[in-house]
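Read through the structure below, which is laid out as structure tokens, and then see the notes.
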Amino acid sequence: RGCCAARATGAARAPPCRPRAFPKCRASSVIEPGTSSGNPAPRKPVPQTLPPRDRNFDPFTPPPDASTFPPCNGNPDYFRFEVVHRSTKSNARVGRIHTPHGVIETPGFVAVGTMGALKHVSHQSLQKANLDLMFSNTYHLMLQPGADLVEAAGGLHKFIGRDAPIITDSGGFQVFSLDKPDAEDGKEMKSRRPSKQKGEAGLLLRKNENGVLFKSYRDGREVALTPESSVAAQKQLGADIIIPLDELPPYCIDPVELKKSVFTSHRWEARSLKAHLADPKKQAMYGVIHGGGDKKLRKLSAAYLTSLPFDGFAIGGSLGRDSAELLELLAFLMPLLPTEKPNHLLGIGDVPSIEGAVPLGVDTFDSTFPTRNARHGSLLLRNNGDINNGTSTRSVNVLRAEYSSNFSPPCTECECALCANHTFSYLHHLFKANEPNAVTLAATHNLHHMGWLMGEKRKAILRNEI
């Protein structure tokens with residue numbers, strides 16, 4: 001979603017790249033989203049395809065004026081942001097986001113459960129890890145098991161058995177990652193690479209002002225996604241916080257094409273917001289600020305979207321080649337967002353980025369990195385360093401031979417199952433033996449570490465040390 005082309009994980013600075021525009025895509029028929037193969041309810045074909053592109057449409061057509069929306073009065077009965085403390089040392093703040101399914105303490109890390117499930121870990125473990133919010137993916141849930149089925153189960157909370165806050169995205173990032181791979185794509189578009197489900201031609205069939213048409217990676221059927229259908233699917237899922245449909249251009253894009261993309265996102269987000277406001281269903285919607293690395297476009301995007309009655313704001317799109325560019329852009333952008341509303345950094349939540357972004361006032365971060373790194377034997381450990389200067393966390397790879405005979409627990413202060421009951425040596429053995437429990441233990445530990453880290457950040461802000 002929001003992407004730093006080279007994450008702060010030791011990756012080298014990305015090489016220069018030539019700008020490119022989005023490729024043209026062919027038209028085709030469509031199946032109504034919100035259904036899936038294997039769903040007992042029959043799929044209903046939509047009587048028309050995604051309407052063809054209007055060749056006379058001006059891509060720089062401005063979005064609807066703020067005067068066409070109702071005034072932003074907030075939703076104190078079911079969604080409210082409370083600022084507990086603002087640091088006197090920086091723009092960092094401690095807050096609470098009140099939702100129908102509980103309170104989200106900020107700054108906070110958001111674990112990613114793409115299909116309504118964390119990888120190798122039960123989402124119930126998030127409560128023990130002191131992580132309040134879980135991120136699920138509308139695109140994937142639309143295709144399997146289908147938004148209709150989830151709605152019939154009583155919504156995503158009941159379907160997965162979670163009585164805690166959930167946020168869902170629009171599916172836009174995943175759809176645009178289906179585009180034809182390009183040699184100049186940055187790391188933020190790595191999912192465009194060919195896979196067993198997707199060939200060199202990609203699965204994105206067509207994109208125009210109406211929305212996008214793509215092939216399901218699961219069964220090859222064709223699905224249309226529009227601002228209205230994305231919101232409708234998220235209404236069926238019933239998350240506490242939802243995201244409007246937007247477009248994700250790659251880092252390497254022609255400036256004119258980037259500006260077109262920002263205007264498209266603004267029009268789509270306005271349509272999404274109107275669809276949401278027609279039936280709020282006790283859900284909050286965050287607008288997504290776009291503009292890539294162009295500060296003028298970021299300022300334009302922030303000015304327009306903050307004039308609309310969104311409940312909060314997410315920072316999306318490509319956010320630079322590396323952490324230095326990410327933090328420079330955030331330092332410019334964060335003062336442009338309203339301080340009375342919560343904000344979220346989409347798709348970025350590695351420790352170095354969190355360390356740099358919390359002082360700038362970012363409230364929540366989502367990322368797969370704790371569970372993804374755990375699958376490769378990487379553990380996040382407390383470093384006995386200063387929580388205020390980025391030295392509190394270190395990473396070790398338990399697959400290294402030195403841990404085969406290390407009979408100490410990974411962290412004596414951590415309360416996760418791994419640290420309370422096992423040693424480095426035992427975990428090393430489980431990985432070498434390809435035991436599935438190895439990843440479960442490592443992932444659970446990393447999530448506990450993120451919960452501890454964010455808790456320490458909140459304490460430091462309250463002491464005005466950050």
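Note that the structure is a prediction, hence the values are computed from the model and not measured.
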Do [X] and [Y] have side-chain N/O donor and acceptor atoms under 3.5 Å apart?
X: H276; Y: K235; result: yes
X: N397; Y: H376; result: no
X: E325; Y: Y251; result: yes
X: H290; Y: S261; result: no

Looking at [Y] and [X], is any side-chain nitrogen of the basic one under 4.0 Å from a carboxylate oxygen of the acidic one?
X: E355; Y: K457; answer: yes
X: R93; Y: D363; answer: yes
X: E328; Y: K295; answer: yes

Are side-chain heavy atoms of [X] and [Y] found at a separation under 4.5 Å?
X: F369; Y: V351; value: yes
X: L245; Y: S272; value: yes
X: Y78; Y: P280; value: yes
X: H448; Y: N130; value: no
X: K207; Y: T264; value: yes
X: I166; Y: R162; value: yes
X: P145; Y: L141; value: yes
X: T364; Y: P107; value: no

Take F313 and H344, measure what side chain to side chain contact (heavy atoms under 4.5 Å, CB included) needs, and give me the verdict at the end.
CA-CA 6 Å; F313 296 93; H344 179 83; over 6 Å; no
Kindly give the heavy-atom pair with the smallest separation between [X] and [Y], and that separation in Å.
X: P370; Y: N446; value: O-ND2, 2.9 Å
X: L225; Y: G172; value: CD2-N, 4.5 Å
X: L131; Y: L447; value: CD1-O, 3.6 Å
X: C419; Y: P410; value: SG-CB, 3.9 Å
X: A111; Y: L118; value: CB-CD2, 3.9 Å
X: S404; Y: S425; value: O-OG, 2.6 Å

Using the rule given for ring pair (Phe, Tyr, Trp, His ring centres under 6.0 Å), can you reason through Y139 versus F214, listing the C-alpha separation, both sets of side-chain angles and the distance that settles it, and then say yes or no?
CA-CA 11 Å; Y139 162 80; F214 64 94; 5.5 Å; yes
List the steps and the verdict of ring pair (Phe, Tyr, Trp, His ring centres under 6.0 Å) for H266 and Y304.
CA-CA 8 Å; H266 286 179; Y304 174 65; 5.2 Å; yes
Partners passing ring-ring contact (aromatic ring centres under 6.0 Å, His included) against F263 (at least two apart in sequence or in another chain)
F60
Think K282 forms a cation-pi with F79, using NZ or CZ under 6.0 Å from the six-ring centre and within 45 degrees of its axis?
no
What do you reckon, is CZ of R463 surrounded by more than 12 foreign heavy atoms closer than 6.0 Å?
yes
At what distance, to the nearest 0.5 angstrom, does CD of Q236 lie from CE of M142?
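Result: 9.5 Å between the selected atoms.
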Donor-acceptor list for residues 330-342 side chains, cut-off 3.5 Å, not counting sequence neighbours:
| unit_1 | atom_1 | unit_2 | atom_2 | d |
| --- | --- | --- | --- | --- |
| K341 | NZ | F310 | O | 2.6 |

